[in-house]
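Note that the structure is a prediction, hence the values are computed from the model and not measured. Each ligand, and each atom within it, is numbered from 1 in the order the structure gives.
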Amino acid sequence: MTTVLVTGSLGQIGTELIPLLKSKGYTVISTDIREPVDKDIFDPFLMLDTRDRDAMRKIIKDHGVEMIIHNASILSATGEKNPQLALEVNMGGIQNVLEVARQEGVKRVLSPSSIAAFGPDTPKDNTPNDTIMRPNTIYGVSKVYTELLGEYYAHKYGLDFRTLRYPGIISAGAQPGGGTTDWAVQIFYDAILTGKYTCFVDHDVLMPMMSMQDCLKATIMLLEAPEQNLKHRSFNVAGCSFTPAQLANELKKFIPDFQIDYAPDFRQEIALSWPRSIDDSVAREEWGWEPDYDLSKLTEYMYNTLKSKLDKQ
Ligand code: NAD
Ligand code: SER
């Protein structure tokens, strides 16, 4: 029974990752800076601001934490509105996680990166695992920092650090927390509730996305991969790429009268600085990664799940 500390547990990913970790036999210590509404999912839950290194150390010592999944983060759009907060939370958080893990003998740290770690100079199509990384958002800079600092702790101190560059994650559970890919979730809510959606990126902006099921599968696969199989510690993972217009066409199979229009805002520029599609061959080779969801399967799942959830409310 490995004891795992999860930071930022109440977010879009933590909310679904924590029950899965528990079902797989992990002892999970859930933490965040806000109290959970559904306490059962997160029990045992503790308040933890990842900027507070002493509080983090106390939890790790008190509970005999062996692994950390560090999900607390300020996402891309919120980060551009408040870069100083993103600096404190994202850079400060990973520094504290790695340093306390080193000092307290935590064996493994998994801290997600993002397609946002790439920038305008990166090849945009089939973006390779190892390529130019010069992002121009504070969120992207913090993800490059996470990758490089984690890899430094691995070679300097032998800490087993791993990260994967998630695309935009699509789910019907907790809503996304202030990112540039949020349109690909909000479109389902608005389509089901009102039959129309105004998208904040233009019709032809192609972006890498992934179902929550594939996100969880990739996370568990990397978390559990034998260390000797890993030549890298930072991995691209791909699901499927699509534009708002392509997703709208898929949605029309379920809601024929669905209408979409476009009002690009500051998030359009962020989206255009990121890859259009991802080459994840390194993850496939080193830990057997393969996604299960394409656009059609993802749309069908999201529509059916969200429709029945919203019908009940
Ligand atoms: P989210 O925004 O939904 O949740 C983040 C959580 O962190 C929130 O519950 C928030 O309360 C908490 N938090 C904020 N500041 C904190 C602090 N100072 N201390 C402790 N907790 C704090 O994020 P998510 O979508 O669950 O993302 C998890 C990880 O995956 C993040 O590292 C994120 O960058 C990465 N990621 C997510 C996506 C995506 O589409 N969801 C894509 C790429 C990468
Ligand atoms: N979904 C995230 C964002 O848009 C990608 O890291 O910020």
Side-chain angles (χ1 to χ4, degrees), residues 5-18 30-37 41-42 45-53 55-56 59 68-82 84-97 109-118 135 137-147 150 163-171 173-186 200-201 205 207-212 214-216 218-219 234-239 266-268 270-271 273-275 278:
L5 167 67
V6 180
T7 70
S9 297
L10 273 55
Q12 185 191 9
I13 294 172
T15 298
E16 303 202 34
L17 179 63
I18 284 164
S30 306
T31 65
D32 206 298
I33 47 169
R34 52 197 169 102
E35 289 281 354
V37 176
I41 295 178
F42 301 100
F45 177 85
L46 297 164
M47 294 291 271
L48 175 64
D49 187 322
T50 53
R51 292 168 291 185
D52 185 342
R53 187 178 293 187
M56 190 184 292
I59 290 173
I68 302 174
I69 299 180
H70 176 45
N71 270 355
S73 183
I74 303 298
L75 271 66
S76 58
T78 308
E80 285 316 290
K81 287 189 194 150
N82 193 344
Q84 284 69 33
L85 178 67
L87 265 171
E88 276 180 32
V89 174
N90 297 7
M91 271 78 154
I94 187 64
Q95 267 177 246
N96 288 339
V97 164
V109 170
L110 187 147
S111 182
S113 183
S114 162
I115 52 166
F118 299 114
T137 62
I138 192 65
Y139 176 68
V141 171
S142 77
K143 290 306 185 188
V144 175
Y145 183 74
T146 294
E147 293 185 15
T163 185
L164 61 179
R165 300 175 186 131
Y166 294 138
I169 305 302
I170 317 291
S171 69
Q175 295 222 27
T180 302
T181 55
D182 292 12
W183 62 266
V185 176
Q186 194 59 42
F200 60 75
V201 300
V205 177
M207 300 190 77
M209 301 285 182
M210 177 179 271
S211 70
M212 180 60 83
D214 278 339
C215 169
L216 299 179
T219 306
S234 305
F235 294 93
N236 282 0
V237 280
F266 72 101
R267 290 168 283 191
Q268 163 95 358
I270 300 175
S273 77
W274 291 354
I278 297 292

J.: Is a side-chain N or O of Asp49 found less than 3.5 angstrom from the main chain of Ile33, in a donor-acceptor match?
T.: no
J.: So if I only count non-hydrogen atoms and take anything under 4.0 Å from ligand 1, which residues does that give, chain by chain?
T.: Gly8, Leu10, Gly11, Gln12, Ile13, Asp32, Ile33, Arg34, Leu48, Asp49, Thr50, Arg51, Asn71, Ala72, Ser73, Leu75, Val89, Pro112, Ser113, Ser114, Tyr139, Lys143, Tyr166, Pro167, Gly168, Ile169, Gly177, Thr181
J.: For Ser76, is there any backbone N or O sitting under 3.5 Å from a side-chain donor or acceptor partner on Lys81?
T.: no
J.: Output every pair passing salt bridge (charged side-chain N to carboxylate O under 4.0 Å, His left out) with a member in residues 87-97, not counting sequence neighbours, ordered by first then second residue.
T.: Arg51-Glu88
J.: Give, for atom OG1 of Thr7 and atom CG of Leu48, the distance between the pair rounded to the nearest 0.5 Å.
T.: 7.5 Å
J.: For ligand 2, what are the residues with a heavy-atom contact below 4.0 Å?
T.: Leu75, Ser76, Ser114, Tyr139, Gly179, Thr180, Thr181, Trp274
J.: Just by distance, do the side chain of Thr146 and the backbone of Ser113 share a donor-acceptor pair under 3.5 Å?
T.: no
J.: Could you pull out all residues at least two apart from Asp182 that satisfy salt bridge (Lys or Arg N to Asp or Glu O under 4.0 Å)?
T.: none
J.: Using 4.0 Å as the upper bound for N to carboxylate O, is an ion pair formed by Glu147 and Arg165?
T.: yes
J.: Okay, side chain of Thr78, backbone of Ile74: is any donor-acceptor separation there less than 3.5 Å?
T.: no
J.: Do any N or O atoms from the side chain of Ser73 and from the backbone of Asn90 form a donor-acceptor pair under 3.5 angstrom?
T.: no
